[in-house]
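So you know, we letter chains A, B, ... as the sequences are listed, proteins then strands, and number each from 1.
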Amino acid sequence: MNETQIRELLETAGQDIAAEPIDADSLLAASRRSARTRRLVQVLSVSTAVAVIVALGIALIPRGGDPQKPSTEPATEERLAPPGMRLVGMNGVAVAVPEDWGTNQTRCDVAVKDTVVFDKGTYRSCPISPPPDSSSVHLARASSLPGEYWKAQVDHFKEVDGMRVGVAPVRPVSCSAEIKLACAGGPAGAVVVAGKDVAIWAQSRDESLVRDLLASVQLIPDGYTAVPDVAGRPEGKARETLEQAGLRAPDEVVCRQSDGGPWVEMCSDVTGSDVPQGSVVPGGSEVELLSSPSQFSPSARLLSERRLEISVYGSSSCPDRPDSIDSAGNNQVTVHLSQQGGRICTADLGPNRSIVTLPADIDTGQPISLTLVLAYAASHPYSAVLKPPAPVTPPSPGATRRLPCTRDDLAVILGQSGPAPGTSLRTAARSWVDSRDGQRYVLTDKTANEAYALILESDGTPSVIFTLNRWPNGGWAVDAFGECRR
Amino acid sequence: MDTDGDFTAYVAARGQTLVRSAVLLGWSLPEAEDHVQTALMRCYSNWDRVTAAADIDAYVYRVLLNALSTSRRRKWWGERPTADLPETSVADAADQVAVGAAVRAALKRLPEQQRTVLVLRYFADLTERQTATALGIPVGTVKSRLSRALTELSNDDHLADLPGNRSTP
């Protein structure tokens, strides 16, 4: 069923509902009465409260927020910030920033676009000059390095939403070798909420913008929370962090794989969330955890006959090899790998491939949840879902194949008598191509990461095929070896 | 700003669709009318906020969903006296069942979360972002729930047998 069909069905079903037009005038009259009653109740409530407080002789401490906020208001961010702005925050404190500002858009820890920056207080020493027009708002713990810097700049205090706020006046800042934030140039100022362990500073060429941004600092209203930083955490920890912030995550982490053909890249630690860090959202909202494979993440692919091929990057002389493979029901399988080899291991990052046979209870016709546990990073397992390959459509009668020898014709796999996987193409060709006999090799079916090398006899007949992978250094290396069937 | 005029115009333009949406979400017509009126009255009392919101429809639907869920919490829905027999969830002869009843029955078989995004997106015609705003969930979640809902409905035999459903070859 597609969108058009469901729209048509719902439209038909909707027309079938005998809903009368609402009498807008009557509803308006009823709404006015209701609004008057609501205001009267609020006035009476406030009057009663004030009377009680005065009678008890208790000082009334002004509180932030809108006491008249009805509980039925939509829990949307739009009503929290002025139009065109959004709230970002941490530790219960928020600041309103323009809606089109990104989050953590930095290079070498310096804002390169108008952005919100969650500053961890650790900076890379690669000095660059920020674009002269970029503006930024930074949030950090008051007890961190930049927080301490701004605390020292505070020259007076004020009360905001019942909290004591230190104010560092807006003034031009000069670059400092110690504090990266001060190298942004242009006027900057800060507010420090020590009670919440939050420091917020803003910098911009536009001094009035800095003042406006800092003036918008407020407490995050009850019922709302800021999306915490989950990047770099294992799934369990990231989930726990979200829950502590009063948020929840769907059962599965979204692994943003590239479309790499049969090889499926595997994800490990969470790299972020679909709602940017710091966004102020209603408590209990659902936030998706995201992960992305890195250049050196393991990958896996299903082979025929219940076999699974795993590729991990590591030392070529001490490769990671499977120790055990366990199934945990529901088509979930876990492969544990440990490093093999001698005492001396080359410090390269070569692809090491292994083939394992899947346990008997794994259904290869259904998606398989694969978890890979590397011995040196057992607390950061990789995971991916492997889907069964689509059924192969047989070539139509009379169709010609571009190559007389392809992967389908492989007689021998994985170099039982050929070059070892990982051998560079140049080395393999030196051993296997005898130019004196008129042999030569050609590269074919080349994609970004895979290719075939065909060894042709003097009459052009292919005799041997190498499947190749591109290595991180850009060179081609043998992946598998085969002899073409005659 | 003419609050009363804007409110009246909005009610005239959207009132019926709101009621029908509530029915498709599982309420009877009288209940749906009551809840929509309650929601609209609440919106009127904060109409300046409604119009200041980035998206009025998303705001109003959020209020309506709040009203519906509050109503559900207050009442016990296990048994209700009714003059009419409840709709059967199984159609004996699909081609004799009205499309509307079949669709409503199919919607009832969906999990509530999927039903809500489906009605908001494809009946109330909210965008994915508006739907996300109305429900307080990420856009990605709206997409995944829609996808699952469409899959569920595609597998619904009673809908597949409908004469007007072109999903069958």
Whether over 12 other heavy atoms sit under 6.0 Å from Glu240(A) CD: yes

Contact check, side chains of Val103(B) and Ile6(A), non-hydrogen atoms, under 4.5 Å: no

Interface residue of largest heavy-atom contact number with chain A, from Ala106(B), Ser21(B), Pro138(B), under 4.5 Å: Pro138(B)

Contacting region of Leu107(B) [heavy-atom separation from chain A under 4.5 Å]: side chain

Stepwise side-chain contact (heavy atoms from CB on, under 4.5 Å) check, Leu40(B) with Ile22(A): CA-CA 11 Å; Leu40(B) 288 171; Ile22(A) 295 176; 4.1 Å; yes

Smallest separation among heavy atoms of Gly136(B) and Ser285(A), with atom names: O-OG, 3.4 Å

Flag side-chain contact, heavy atom, 4.5 Å: Leu153(B) against Gln5(A): no

Max heavy-atom pair count under 4.5 Å with chain B, selected residue of Leu27(A), Asp23(A), Val287(A), Thr12(A): Leu27(A)

Atom group of Leu150(B) that falls short of 4.5 Å from chain A, counting heavy atoms: both

Non-neighbouring partners of Asp274(A) that pass salt bridge (Lys or Arg N to Asp or Glu O under 4.0 Å), sequence neighbours left out: none

Side chain, backbone, both or neither of Phe7(B) within contact of chain A (heavy atoms, under 4.5 Å): side chain

Pairwise distance CZ(Phe123(B)) to CD1(Ile17(A)) - rounded to 0.5 angstrom: 6.0 Å

Val254(A), part contacting chain B, at a heavy-atom distance under 4.5 Å: neither

CZ (Arg248(A)) with more than 12 external heavy atoms under 6.0 Å: yes

Residue among Glu3(A), Gln15(A), Glu11(A) with most heavy-atom pairs under 4.5 Å to chain B: Glu3(A)

Glu33(B) portion near chain A, given a 4.5 angstrom heavy-atom threshold: side chain

Sidechain N-carboxylate O distance under 4.0 Å for Arg145(B), Glu286(A): yes

Under the salt bridge (Lys or Arg N to Asp or Glu O under 4.0 Å) test, residues paired with Asp125(B) that sit two or more places apart: Arg7(A)

pair Glu288(A)-Thr141(B): side-chain heavy atoms closer than 4.5 Å: yes

Region of Val50(B) in contact with chain A, defined by heavy-atom distances below 4.5 Å: neither

Chain A interface, residue from Val23(B), Val19(B), Ile137(B) that has the most non-hydrogen pairs under 4.5 Å: Val23(B)

